[in-house]
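Here is how names work: the chains are called A, B, and so on, in the same order as the sequence lines, proteins then strands, and each is numbered from 1.
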Amino acid sequence: MTSPVIDELEETAVDPDTVWTTVVWNDPVNLMSYVTHVFKVYFGFSDRKARRLMLQVHNEGRATVASGTLEQMETHVAAMHSYGLWATVDKG
Amino acid sequence: MKIFFSANEAGLLTNLTAQLGALVSSAGLPVDLDDEFAMWQAEMDHLEPLDHSDPAIARLFPAAYRNDLQASAAFASLTDSERRLEIIANAQRVIGALDEAAATARGSEYAIDIPNEDFEAWIKTLNLLRVVLATRLGIQTEADSEAFEHGELSPEEAYGYAIFVWLGEHLEWLLQ
């Protein structure tokens with residue numbers, strides 16, 4: 001039987017294996033062509049992948065565009081913000 | 001890549017871009033358009049904290065974590081200054097090109113050659129101007145966007161929305 005206190009500690013402890021993600025959210029301002037361009041230029045995605053992710057943002061409201069360490073995801077999110085895209089760091 | 005403006009359009013874009021620079025260099029300060037470079041330069045070393053209660057600032061510098069105010073604040077303290085300086089530097093490149101076009105143009109039509117190294121500065125600036133205009137107009141959702149496209153607008157709203165659309169057309173042109 002596990003103690004609830006220990007459960008809580010385990011949940012909040014920093015796990016080096018945690019996968020973090022960069023999520024881009026839909027908004028009514030950014031043009032489809034612009035979002036696709038940002039995904040291609042910044043992440044180096046192919047035109048096809050960039051368009052697929054852009055459409056996912058547009059149709060589903062959000063898309064996970066990258067995963068990795070927390071530091072990497074914060075760098076990506078700051079870059080997305082610099083383009084005027086609405087992005088957040090999330091847990092994978 | 002070339003972009004084209006009338007003299008009036010170039011003047012409008014210069015004005016809007018200067019306002020964007022002023023917004024992130026020190027929100028709320030009156031802009032002296034004749035001395036904007038000196039003003040920004042002086043403030044680059046002493047950036048005052050951003051006023052996140054301004055919806056445009058909140059949209060330009062959104063929370064990086066959806067449900068973690070503390071982590072979002074830590075992120076902002078690490079990234080805001082660099083981002084503000086980048087916005088200002090990009091704005092200066094755009095204004096510099098517009099000023100040069102005004103000084104060298106023959107007639108009232110400007111054709112500005114954007115070198116590859118300035119391309120991202122241009123599209124980021126045009127897009128951030130759209131972001132700020134959208135918050136000023138109250139365009140926050142797809143429904144708001146529809147209402148502006150098809151609904152009845154006040155003269156001020158119609159003017160602001162026309163600029164928003166005009167910026168989008170130039171952005172599309174550059175991305176073609």
Side-chain angles (χ1 to χ4, degrees), chain A residues 11-12 14 18 20-45 47 50-51 54-55 57-66 68-92, chain B residues 20 56 58-68 71-72 74-76 78-80 82-87 89-90 119-121 123-135 137-149 164-165 167-176:
Chain A
E11 207 169 295
T12 54
V14 176
T18 297
W20 297 85
T21 55
T22 297
V23 177
V24 173
W25 300 82
N26 191 34
D27 73 73
V29 175
N30 289 302
L31 300 166
M32 289 173 149
S33 56
Y34 182 76
V35 176
T36 304
H37 170 83
V38 172
F39 288 171
K40 283 167 69 176
V41 167
Y42 178 76
F43 291 110
F45 293 158
D47 189 59
R51 281 174 189 275
M54 175 277 291
L55 284 173
V57 172
H58 185 71
N59 294 329
E60 298 172 24
R62 56 174 282 174
T64 299
V65 296
T69 67
L70 181 58
E71 195 179 8
Q72 288 168 335
M73 297 308 105
E74 287 202 336
T75 301
H76 292 336
V77 165
M80 293 300 100
H81 290 178
S82 81
Y83 277 97
L85 270 57
W86 179 25
T88 54
V89 178
D90 219 330
K91 273 185 187 165
Chain B
L20 175 66
R59 178 60 185 78
L60 288 175
F61 300 87
Y65 294 85
R66 275 185 303 157
N67 301 310
D68 192 335
S72 293
F75 173 86
L78 281 173
T79 58
D80 275 5
E82 194 177 325
R83 286 215 36 234
R84 292 167 75 179
L85 294 178
E86 191 210 7
I87 292 170
N90 288 344
F119 186 78
E120 297 299 303
I123 63 165
K124 280 183 170 181
T125 300
L126 292 179
N127 195 57
L128 294 190
L129 287 175
R130 277 171 56 86
V131 166
V132 172
L133 257 176
T135 58
L137 290 167
I139 302 174
Q140 293 175 327
T141 64
E142 298 285 352
D144 296 334
S145 192
E146 288 282 313
F148 268 84
E149 197 173 346
F164 177 80
V165 171
L167 288 166
E169 287 167 357
H170 282 78
L171 193 51
E172 288 278 17
W173 166 262
L174 289 177
L175 291 168
Q176 269 173 17

| More than 12 heavy atoms from other groups under 6.0 Å of CZ on A:R51 | no

| query | Are A:E74 and A:W20 close enough that some pair of their side-chain heavy atoms sits under 4.5 Å apart? | reply | no

| message | Is the shortest side-chain heavy-atom distance between A:Y42 and A:H76 below 4.5 Å? | response | yes

| Polar side-chain atom of A:H58 near backbone of A:N26 as donor-acceptor pair, under 3.5 Å | no

| query | With respect to chain A, which residue among B:N90, B:V131, B:D144, B:T141 yields the maximal number of heavy-atom pairs within a distance under 4.5 Å? | reply | B:T141

| query | Between A:T22 and A:V65, is there a donor-acceptor pair closer than 3.5 Å when you use the side chain of the first and the backbone of the second? | reply | no

| request: Using a cut-off of under 4.5 Å on heavy-atom pairs, state which of B:G168, B:S72, B:P62 scores highest against chain A. | output: B:P62

| field | Per-residue contact mode, B:E142 against chain A (heavy atom under 4.5 angstrom) | value | both

| message | Within the structure provided, determine whether A:V24 and A:M54 are in side-chain contact (heavy-atom separation under 4.5 Å). | response | no

| field | Region of B:I123 that comes under 4.5 Å of a non-hydrogen atom in chain A | value | both

| field | Proximity breakdown for B:L60 and chain A, heavy-atom pairs closer than 4.5 Å | value | backbone

| Do side-chain atoms of B:R130 reach the backbone of A:V29 as a donor and acceptor pair under 3.5 angstrom? | yes

| said: For chain A, which candidate among B:E146, B:R66, B:R59, B:E82 shows the most heavy-atom pairs at distances under 4.5 Å? | reply: B:R66

| request: Below 4.5 Å from any heavy atom of chain A, which atoms of B:S145 appear? Answer side chain, backbone, both or neither. | output: side chain

| request: Identify which part of B:R83 has an atom lying under 4.5 Å from any heavy atom of chain A, answering side chain, backbone, both or neither. | output: side chain

| field | Interchain contact, A:H37 with chain B, by part (heavy-atom threshold 4.5 Å) | value | side chain

| task | Please flag which part of B:E120 lies under 4.5 Å from any non-hydrogen atom of chain A: side chain, backbone, both or neither. | result | side chain

| remark: Bottom line for B:A63: the part with an atom under 4.5 Å from chain A's heavy atoms is backbone

| field | Residue pair A:R62 / A:W86, side-chain heavy-atom distance below 4.5 Å | value | no

| said: Checking A:T18 against A:K91: is there a side-chain donor and acceptor pair closer than 3.5 Å? | reply: no

| B:F119, part contacting chain A, at a heavy-atom distance under 4.5 Å | side chain

| field | Among A:V38, A:T36, A:V77, residue most engaged with chain B (heavy-atom pairs, under 4.5 Å) | value | A:V77

| task | Measure A:A87 against the heavy atoms of chain B and call it side chain, backbone, both or neither at under 4.5 Å. | result | backbone

| request: Could you tell me which non-hydrogen atom of B:Y65 sits nearest to which non-hydrogen atom of B:A71, and how far apart they are? | output: CD1-CB, 3.6 Å

| query | Most heavy-atom pairs under 4.5 angstrom with chain A, which of B:L128, B:I87, B:V132, B:D80? | reply | B:L128

